Structures are given as structure tokens and as C-alpha cells.
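Notes follow the structure.
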Number of protein chains: 2
Amino acid sequence: MTEQPAQTTTAGDPATARGEQTRQLIRDTAMRLFRERGYAQTTMRAIAQEAGVAVGNAYYYFGSKDHLIQEFYAQSQVEHRAAAQPVLDREEAFGPRLAGVLHAGIDVLTPSHGFAATFFKTAAEPTSPLSPFSAESSGPREAAIDLFGEVLAGSTATVDAELRPQLPELLWLAYMGVILYWVHDRSPGQTKTRQLIDGAVPLIDRLVALSRLRVLRPVTRQVLDLIRTLRH
Amino acid sequence: MTEQPAQTTTAGDPATARGEQTRQLIRDTAMRLFRERGYAQTTMRAIAQEAGVAVGNAYYYFGSKDHLIQEFYAQSQVEHRAAAQPVLDREEAFGPRLAGVLHAGIDVLTPSHGFAATFFKTAAEPTSPLSPFSAESSGPREAAIDLFGEVLAGSTATVDAELRPQLPELLWLAYMGVILYWVHDRSPGQTKTRQLIDGAVPLIDRLVALSRLRVLRPVTRQVLDLIRTLRH
DNA sequence: ATCGGTAGTTGAACACGTTCAAGAAGGGCG
DNA sequence: CGCCCTTCTTGAACGTGTTCAACTACCGAT
């Protein structure tokens, strides 16, 4: 949560442009206010004032208020990856690995449930750069898909050869579904989302195992063909 | 598309309050401008001006710009129901009935794809009254679920006794998934969405049929239990 | 040291959704 | 006819996200 350079761990990074400091200041201030007041209640003027810069300056670094959310995405993704590491180290079976990684994702998001819910709507807009399917989000998205690739690769599970290459993206899609449910989840502590994970993972596990059965091959093939058709 | 009283077909309806005429004028003007210019590009001032009323007057009838969308929902639902009728009359098998009704839904929405996509984001916000899961949307939602109930009831399909009561809502949920895909579908004429329907319906059909098999009973039960848990 | 150009910064101004105090219109009742 | 109360209507005003022309700070080249 505290600032922590992601890539180069050298103290000063002279490679970056002058305004990098200002950029981070604005970003951190915005994140803090979002958490404190919620997204809609945080005005660009308030962010600028708290950060001690002019309104226009925030727009120099972030094209819009929505673009500040993308920072939140990227940050969450990094935290998710870190929180998933112990699970990937510890678990070997596919089911527990998947469940652990999904729970880790919700763990990371939980402190932000209040305000995350209000802006996830922007992510749902297809034309928005914030959509998890958009080109602008391809970085975090691919990182997330890779994470589910690790869930699979490190596991002892035996998967249908045709399904295997598609599975990481499908698992990511399932994770998006979990998040969609989580956003709407008003149960205290979002316990229902936890139940969803614990209930759905065994089903997915069983489904993946069944995909290898000779009798179900046609169905597996049919599903995969459909998915390939629908992807562009 | 042209104005057409839905319920009472008597000429004058004196039962309604004085401003009903104004309400419809504003509503129709808004729908027209939404289609012509898109949602974001249509300002409340423009709606008011085109309708020949003051801005505040629009807010007397519709709590917000978003609330005008709900009118669009309701209208679309009615049109969907009407478009589905021939299918329900014609088809007897479950698969064709379901496919026909899903296609009918997309048929109705297709002319609005351009602007519908831009406002479906509002529907994704959990706190919004526009969410298909919200209390305010319960009317159209239940009407839609009923429609899928008819798909099932009128069909020759034999369904697992435990699954049957849950199935209409599950089919509606699948329909929401189709719409979510449709919103993001940028293929010309949204042909991919048509492929999704044609590809997914046989799978659903087969899945429903399989649910009766003794071997799969535990899985069916497991899925239904999970769903019951997650519903509130 | 001076110049020139890029990067960074400013805040007033704009258009929008929304609110609200004020008023107009209508109709029932004496 | 005059009164009152509800329903309806108005448009100026507010706060918001966003833009942009002007300005400043910095740095390499002359």
C-alpha cells in the first residue's frame, strides 16, 4: 500500500522525466481520497488542492478522472500477484491453487469495496479505456491471465490438450465473473463472494478433469470452437 | 416504434394526471435524440428545448437523465415480448424456442446498438436503480424471467424436477450474458452475438437434458445448492 | 552567459447534470 | 364568482469534469 517502486529499485531514477514526482503525488492523493470519500464524492478540484497543484496539472498527467482508476487497476493487479505468491508456493493441486488465487484477489480488493463498486460501472462501458477488454487495459489483463497460467502450470492437474492453452484466459474470465458478483455483493464482509469461490472452484475442477473423458470430447471440442469463434 | 398506447386502447384516458401528455412528450423526444445523437451527446437542455419545455420540467417527471433510460428498458421489454410471440407459437422443442427468443431480444435491441452500448455502463453500477438486479427494475426483470418461463413451459423438454423452478431465472441470466457480449460486440451487424446464441443454445439444451441423468445428479444438486446460497 | 525549445504548470472559462425558490394553471368548494 | 390547494412549469444558479491559452522552469547548445 505504501509507495514502492515496482521495477527499478535504485534510489533516484533519473531516466524518468521531471514531472514523475508530481505524477505520483497526484496519483497517491487521488487514491487516498477515493478510499476516504468514495469516487463520486472526490472532485478533481479536491485532488488538486490536496496535492497542492492546479486542476489543469492533474489533467496533464491523467487524461480524465476515469484514467485515475486505471492506476488503481494496475496497483491492484500488482498486489494481487504478490498476495497470490504464497498460495502458488504452497499448493500443488489445481483446485486449492485456483481457490487460493481467487481469494487473494478478493483479499486485495476488499478494503476498496465501498468505492470500487461505484466506479466499476465505467469499466463496463465497452468504449471506455477502462474496460478490462480494452486495448489500454491489455497490460494488467495479460498479467492477470498469466497469473492463472501459473495456477495451471504449477499444478498437478492433467488437462485436455486442446483445452489447456485456452484455460488461463477462461479462468481469468471466471475471475471477472467473481468480481462482478463481488461488486454487487452486499452481504456483510462479502461472505457470499467467498461462498461463490468455494462453491464454484470444485465445479470448475471437476469440469476440467471431465474434459479429458472420451465421451465428452465432442462437447469439449464444441465449447472450444465456440470460444475461438467469439474471440476476435 | 411510433406512439401506441400500451394498456388502455380507449381514445382519451382521463384517469391519468394532467401532465401525462408532457411526460410522454419528453420521453419520446429523449428516445428520439438518444437514437439520433447517442446518449452522452444528448443534453438535458437539448431534450427540453426540442420538447418545448423548461429543463426543470423534465426533472419533474424523470429524476435524472439516467431515469430516462429506464423508459427505454421498459419499452424494449414490451417489444421483446411481442417479438417472441411468433416463436412461442411456432416452435415446440426447447432449443429452437430458446434460440428464437434470444434472437428476438437482440432483434429488438439492434437498432439501438450504437447508443445502448454507451449507457449500459450505468446498468452495471450496483447502486444504480438501472441495474437489472435492482428493486426499481424488478418489473421488467420479472416480466423477462416470465418470458423464459414460457419458453420452458411450452416446450416438450423434460427437465430435472429440482432444476425446473430455477431454470427460467438461469436462462434470463444467460440472456444478460448474451447482452453483455452484444454490448461489446463490434463485429459488423453484431454477427458474433448471433453465433454466440447459435453455439450456446445447443450446449444449454444438452446440459439441461443431462441434468436428469442419475450419474450427474450430485453435480446438478451441487450447482443448485450453490445458486440458492448466492441468491438473497 | 544567453538563447531557444521542451516539459511542466496555472487558473479562468465552458458545457453539462442537477436543484430549487418562485410562480402559473387548473379545479373543487363555499 | 372568489378562494385555496394541488399539480405543473419555469429558468437562474450551483457544482462538476474538462479545456486551453498563457506562463514558468529547466536544460542543452551556441
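Lettering of chains follows the sequences in order, A, B, ..., and the numbering in each one begins at 1. Small disclaimer: the values here were computed from a predicted structure and weren't measured.
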Check whether the side chains of B:Gln77 and B:Arg81 place a donor and an acceptor atom closer than 3.5 Å, and report yes or no.
no
Separation of C:dT10 atom C1' from A:Tyr61 atom OH, nearest Å, is 13 Å
message: What's B:Phe62 touching, base or sugar-phosphate or nothing? Going by heavy atoms closer than 4.0 Å.
response: nothing
Ring pair (Phe, Tyr, Trp, His ring centres under 6.0 Å) filter on B:His67, not counting sequence neighbours, yields none
Sorted by chain and residue number, the salt bridge (charged side-chain N to carboxylate O under 4.0 Å, His left out) partners of B:Arg23 (sequence neighbours excluded) come out as B:Glu71
Ring geometry between B:His113 and B:Trp182 (parallel below 30°, tilted from 30 to 60°, perpendicular above 60°): perpendicular
From CD of A:Gln21 across to P of C:dA7 the rounded distance in Å is 18 Å
Per-nt protein contacts along nucleotides 10-20 of chain D (heavy atom under 4.0 Å; B base, S backbone sugar-phosphate only, - none) come out as BB-B--BBBBB
On the nucleotide D:dT9, are OP1 or OP2 found under 4.0 Å from the side-chain N or O atoms that B:Thr22 carries?
yes
**Report entry** Any donor-acceptor N or O pair under 3.5 Å, side chains A:Ser187, A:Asp185
**Finding:** yes
In short, B:Thr193 meets B:Val178 closest at the heavy-atom pair CG2-CG1, 3.9 Å
